[in-house]
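Here is the structure we will look at, set down as structure tokens.
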Amino acid sequence: MEIWVLLSFPLLGGLWLGATGQRAQAPLVNLLVSIATLGAAGFLAARVLQEGRVSAWDEQFVVDPFNVFLVGLTAFVGTTTAWFSRPYVRNEVQHGRLSASRLRLYHGMYQAFLFTLLVALTTNNLGLLWVAMEAATLTTVLLVSLYRTPASLEAAWKYFILCGVGIAQALFGTILLYFAAEKVLGEGGNALLWTHLAQVKGQLEPTIVSLAFVFLLVGYGTKVGLAPLHNWLPDAHAEGPTPISAVLSGLLLNVALYAVLRTKVLVDGALHQPFAGHLMMGFGVFSVAVAALFLMRQKDIKRLFAYSSIEHMGLMTFAFGMGGAVANFAGLLHMTMHSLTKSAIFFAVGHASQKSGTQLMAQIRGLIRTSPTIGWGLLLGALAILGMPPFGVFASEFLILTTAMHEQPWATPILLGALGVAFAAIFGKVQPMVFGPATGQRLPHPPAILPVFLHLTLVLILGLYLPPALAIWYRQAAALLG
Amino acid sequence: MSHWNPAPFAQQLLDLFASLLLLIAFAMLSQRRILTLIHLFAWQGLILTLSIADSAWLTHQPHLYYSAVLTLIIKVLILPLLLHRLIRRLDVVWDVETLINIPTTMLVGIGLVVFSFNLALPIAHFSSTILRNTLGIALASVLLSFMMMITRRKAVPQVIGFLALENGLFLAATSATYGMPMVVELGVALDVLVGMFIFGIFFFQIRETFDSLDIRHMEKLKEE
């Protein structure tokens with residue numbers, strides 16, 4: 001029941017906004033629908049924590065402690081982004097960059113995107129998971145090209161083609177997995193249900209399953225933004241509207257990684273050796289290193305933080321690749337911290353670039369003088385994402401690195417080096433934007449500062465003190481990952 | 001008195017359809033005219049439909065018949081019609097693309113086929129279904145369509161390559177297994193249709209902005 005309520009809010013909201021999204025109150029409706037979704041997610045989480053697992057529609061949808069945590073995170077960041085999006089789009093309309101019909105498209109697709117993410121997270125059917133992941137691309141591709149500039153069209157085309165081809169590989173992987181499962185579970189709909197697969201994972205044919213995982217990792221890994229499949233990510237982040245950059249970075253990448261993790265559990269069970277883990281660690285470390293090198297060369301502020309997302313997704317993939325209770329716990333914690341921090345940064349970046357009228361970092365100067373809150377938000381956000389204590393990212397990165405020293409010592413110097421390079425690159429670029437002589441102008445609609453500081457405060461609190469209830473929840477989720 | 005057993009015949013038909021599908025994938029790889037490309041795509045869809053119907057007959061799986069009907073409606077009727085209308089409205093019906101190095105492309109294509117057969121060999125070995133030969137062919141046509149997307153410089157042929165890739169995946173789904181569950185198949189079909197509409201919108205946006213459907217204009221976003 002709760003699952004249906006959760007899914008119906010963004011679906012109906014999306015349809016409604018698709019029809020009326022050009023009206024003046026549409027940004028507010030968008031926010032209210034998101035808040036309703038967040039409330040439904042809260043009820044669902046409460047029930048899952050009580051009962052351990054909730055299912056619907058003959059187990060086509062199953063929510064357990066692992067995905068309910070991502071459902072909560074998705075609904076929360078979806079809400080704060082809608083909050084930030086309200087003044088953002090009103091300013092864009094005032095600057096003449098968005099017309100009424102595009103606003104309708106934007107608001108309708110925003111809710112449709114949240115709907116596809118929630119379907120992907122709650123479904124138990126690996127085929128439906130694929131359908132929802134593809135639909136998530138379809139809903140956001142027209143948002144990336146919302147401004148219709150040549151660069152944004154190019155970015156959207158690249159996003160569409162690369163993610164489409166990538167996700168086609170994942171469909172092939174899903175077919176192979178179904179092929180392996182059918183022999184054990186018999187033909188029919190049950191052979192793609194994750195809970196059924198997890199029960200018989202030991203009997204799945206190892207050769208088929210390992211090949212299936214390669215295809216699934218490449219497919220969903222394209223959407224995670226793992227190097228060398230990351231090409232679409234910086235462009236899509238930089239050219240679309242900033243609220244979309246925030247949800248792409250904070251939510252879509254997580255959900256894609258979630259898809260990889262669900263299949264990894266099955267593969268580990270079938271193979272009895274860390275084949276999937278090794279692949280993921282390789283991709284993870286490579287992504288961290290590549291992203292760090294590219295970070296130094298960036299001139300566009302949104303591209304800078306897009307590469308930082310690749311770095312952090314790589315770090316998470318590496319953590320989950322190591323596996324084990326501690327690394328999985330650290331990976332989940334890092335997922336949360338990265339989502340909260342990165343979306344907060346994009347909120348600040350969105351307003352900063354609106355104020356300066358450019359995304360080029362060389363022309364954004366003196367934020368702290370023209371608008372102290374945005375300036376501080378950006379500075380604190382950058383420090384948080386760089387893993388400075390006492391922010392929560394420090395705790396999760398520390399856990400990942402110490403576990404790596406024990407279990408995969410070869411990776412530690414690469415990771416440490418990359419994190420150092422990333423620190424120098426990002427801090428060196430953010431500092432002159434925040435301090436220095438001012439260049440910005442006043443915005444017609446006051447920016448939404450609260451979401452930025454709400455996120456950063458949460459990251460700070462979680463860095464200082466992880467409530468025992470939350471820790472137990474994370475541990476339950478980590479246990480599901482094996 | 002012995003009954004005529006249709007199974008070996010249907011089995012051979014299935015192999016025939018699969019190889020025809022692969023042949024069309026090769027033809028698409030070297031086809032320069034957009035209109036012919038769309039016709040080839042429709043033929044490929046028809047052969048896929050026949051092959052699914054044949055598997056349904058062979059394995060007595062009623063839901064595969066639905067799947068065949070779905071493929072017929074979407075891949076043979078709706079998508080080619082949409083593509084036709086699109087190229088007429090975009091006025092590129094007689095467009096001819098200059099393809100360089102067709103012989104090399106073909107040779108690489110043959111290499112891909114050999115690679116896919118080798119990859120599928122150990123898996124097909126496990127197949128309990130009688131449809132095992134086709135998995136390698138399906139993978140090969142997926143890779144060929146993938147290659148077609150890489151070698152093309154214009155937007156419409158790239159999209160046709162993308163749709164042909166989906167055909168190969170469906171062949172894989174029906175050849176390796178008895179077809180995916182119906183809910184998944186419907187979902188995939190919906191995604192393909194919505195995707196096609198978005199591609200259509202895109203073509204107009206690209207043309208409006210760049211005055212051409214050439215992807216070469218869209219290679220500005222690069223790392224220095």
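Throughout, a chain's letter reflects where its sequence line sits, starting with A, and its residues are numbered from 1.
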Below 4.5 Å from any heavy atom of chain B, which atoms of [X] appear? Answer side chain, backbone, both or neither.
| X | result |
| --- | --- |
| F172(A) | both |
| A238(A) | neither |
| L128(A) | both |
| L126(A) | neither |
| A156(A) | both |

> OG of S245(A) to CG of L233(A): how many Å apart, nearest 0.5 Å?
Replying inline: 10.0 Å
> Roughly how far apart are I244(A) CD1 and F113(A) CZ, rounded to 0.5 Å?
Replying inline: 7.0 Å
> Do K223(A) and T137(A) have side-chain N/O donor and acceptor atoms under 3.5 Å apart?
Replying inline: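 Yes, a side-chain donor-acceptor pair sits under 3.5 Å.
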>> Between T263(A) and Y220(A), do the side chains contain a donor N or O and an acceptor N or O under 3.5 Å apart?
In response: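 Short answer, no.
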> What part of I206(B) lies closer than 4.5 angstrom to a heavy atom of chain A: side chain, backbone, both or neither?
Replying inline: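 Contact with chain A is through both the backbone and side chain of I206(B).
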>> For I201(B), which atoms come within 4.5 Å of any heavy atom of chain A: side chain, backbone, both, or neither?
In response: side chain
> Highest number of heavy-atom pairs under 4.5 Å with chain A: which of F146(B), F199(B), F162(B)?
Replying inline: F199(B)
> Closest approach of S141(B) and L22(B), non-hydrogen atoms and distance?
Replying inline: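 For S141(B) and L22(B), the tightest heavy-atom pair comes out as N-CD1, 3.9 Å.
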> Looking at T222(A) and V218(A), what are the two nearest heavy atoms and their distance?
Replying inline: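 Scanning both residues, the minimum pair turns out to be OG1-O, 2.6 Å.
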